[in-house]
Protein chains: 2
Amino acid sequence: MPRAGLTTERLIQAGAELADEEGFDQVTVSALARRFDVRVASLYSHVKNSGALRTGIALLALRELADRGSAALAGRSGKDALTALGDVYRDYARQHPGRYAAAQLRLAPEDAAASAGPRHSRMIRAILRGYDLTEPDQTHAVRLLGSVFHGFVTMEGGGSFDHSSPAAAETWPRILDALDALLRNWPAAPTTP
Amino acid sequence: MPRAGLTTERLIQAGAELADEEGFDQVTVSALARRFDVRVASLYSHVKNSGALRTGIALLALRELADRGSAALAGRSGKDALTALGDVYRDYARQHPGRYAAAQLRLAPEDAAASAGPRHSRMIRAILRGYDLTEPDQTHAVRLLGSVFHGFVTMEGGGSFDHSSPAAAETWPRILDALDALLRNWPAAPTTP
DNA sequence: TGCATTTGCCTAAAGGGTTTAGGCAAATGT
DNA sequence: ACATTTGCCTAAACCCTTTAGGCAAATGCA
């Protein structure tokens, strides 16, 4: 019998597709073996274990997302940049829900450090250069933007906005407007007397 | 041998504790049976299946969270109310990470409708009565607040803020300040020419 | 109190996912 | 053509889920 041509990369890639189609929690070594029409044990030469597979998908998603972000940010600043990056997150989560879920996996410190995670912080911080914020307000604002992007995208994906009008698609640009207005007018730290 | 005194409620309660201690994805019928020192099959008289157990924990968490929210909101308005509700979410997620994760479970439509979910929307909407917003901006603002609360709390719980200064605890009140400022000065919808 | 019914927890068994050990065959290099 | 490496296999152990059917404890009723 000819060989299937398994590779760590191919497995992770297929795992990402499986995640998008069936959900990240359905990503299993067994399901992946079925997809390659191969016995389960065969995958263990290419992937340490089930966790490593999931981690691989998470790292792929973080990288893809960061790549899209960099591309979208190129040549933009201010509200343009804010909108562009926000749209990247939302679009990615809608197109690749399984991968987006994977990107939320809690990584081991070594994996996290080697991941594209830090690129994400840097991208958001880059956006803030178009606004007039200094530390520590800049860090607070980075965290606010991260929270809004992630929060909105997961709630939309989870169907939280399905039972009220208008559609989430109408809210999104208004949230970006609001964030832009807020960043242009960031409130000073209250003086503690 | 005497009986263990199993009950659907007791199982869900213990499942919630297990979730907080070991993580929501470690909540398993087997683990729960071990905790009650009982055979696995015995639980199936009280819980339809593994999914129903998890759903039960999710509904419990949503209810507890809504109860805390109502209590915190009583007699407060404006920024006081905003801070109180935000703190409820953050504190609950920190004290009960497993339950909080459970509350994010995607529910079947019937379960969702019967859950405390709608109470959450109503609480946030109640806060907005202290600000000067009319529909559809009010809905947009509800969604923004939900996104920020949920986004911040999950990112903090996921360790996203662990590798930068200052501590997340310092950012949180500044985010509430910022949201208050934003709601008091909500930008009008741009006129589409 | 004694007996019948209900209820609760049990054993048994089948099905699926994970993981390791060890084997044979396909690919690769000389 | 042959030796080595590599890739996928079988086999087996372990854990979680779920159903079927049984026995004993609790409960209700005379």
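- Of the candidates A:Arg94, A:His150, A:Arg90, A:Gln95, A:His150 is the only one forming a side chain to side chain donor-acceptor pair (under 3.5 Å) with A:Tyr100.
- Between the side chains of A:Arg125 and A:Thr139, at least one donor N or O lies within less than 3.5 Å of an accepting N or O.
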Practice task
Decide side-chain hydrogen bond (donor to acceptor under 3.5 Å, both in side chains) for A:His46 and A:Thr8; before the verdict, give the C-alpha distance in whole Å, the side-chain angles of both, and the deciding distance to 0.1 Å.
Solution key: CA-CA 5 Å; A:His46 304 280; A:Thr8 303; 4.8 Å; no

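- Taking atom CZ of A:Arg39 as the reference point, atom P of C:dG16 lies 13 Å away to the nearest angstrom.
- Considering all non-hydrogen atoms of both residues, A:Ala178 and B:Leu182 come closest at O-CD1, 3.4 Å.
- Looking only at atom types and distance, the side chain of B:Ser164 has a donor-acceptor partner in the side chain of A:Arg143 under 3.5 Å away.
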For residues 52-67 of chain B, tabulate all N or O donor-acceptor pairs below 3.5 Å that involve a side-chain atom, not counting sequence neighbours.
| residue | atom | partner | partner atom | Å |
| --- | --- | --- | --- | --- |
| B:Arg54 | NH1 | B:Val27 | O | 3.0 |
| B:Arg54 | NH2 | B:Ser50 | OG | 2.8 |
| B:Thr55 | OG1 | B:Gly51 | O | 2.9 |
| B:Glu64 | OE1 | B:Tyr92 | OH | 2.6 |
| B:Glu64 | OE1 | B:Arg99 | NE | 3.1 |
| B:Asp67 | OD1 | B:Arg119 | NH1 | 3.0 |
| B:Asp67 | OD1 | B:Arg119 | NH2 | 3.0 |

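- Against DNA chain C, the stretch residues 14-34 of chain B makes no heavy-atom approach under 4.0 Å.
- Looking at the side chain of A:Leu6, the nearest of the listed nucleotides D:dC8, C:dC10, D:dC9 is D:dC8.
- For residues 41-49 of chain B, proximity to DNA chain D is found at B:Ala41, B:Tyr44, B:Asn49, defined as any non-hydrogen atom under 4.0 angstrom from a strand atom.
- Aromatic ring centres of A:Phe152 and A:Tyr89 lie farther apart than the 6.0 Å criterion allows.
- Whole-Å rounding puts the A:Asp37 CG to D:dC9 C1' distance at 13 Å.
- In this entry the distance linking CG of A:Leu53 with C1' of C:dT19 reads 14 Å, nearest Å.
- Here the options are B:Leu128, B:Ile124, B:Asp132, the test is side chain to side chain contact (heavy atoms under 4.5 Å, CB included), and the partner is B:Gln138; only B:Leu128 passes.
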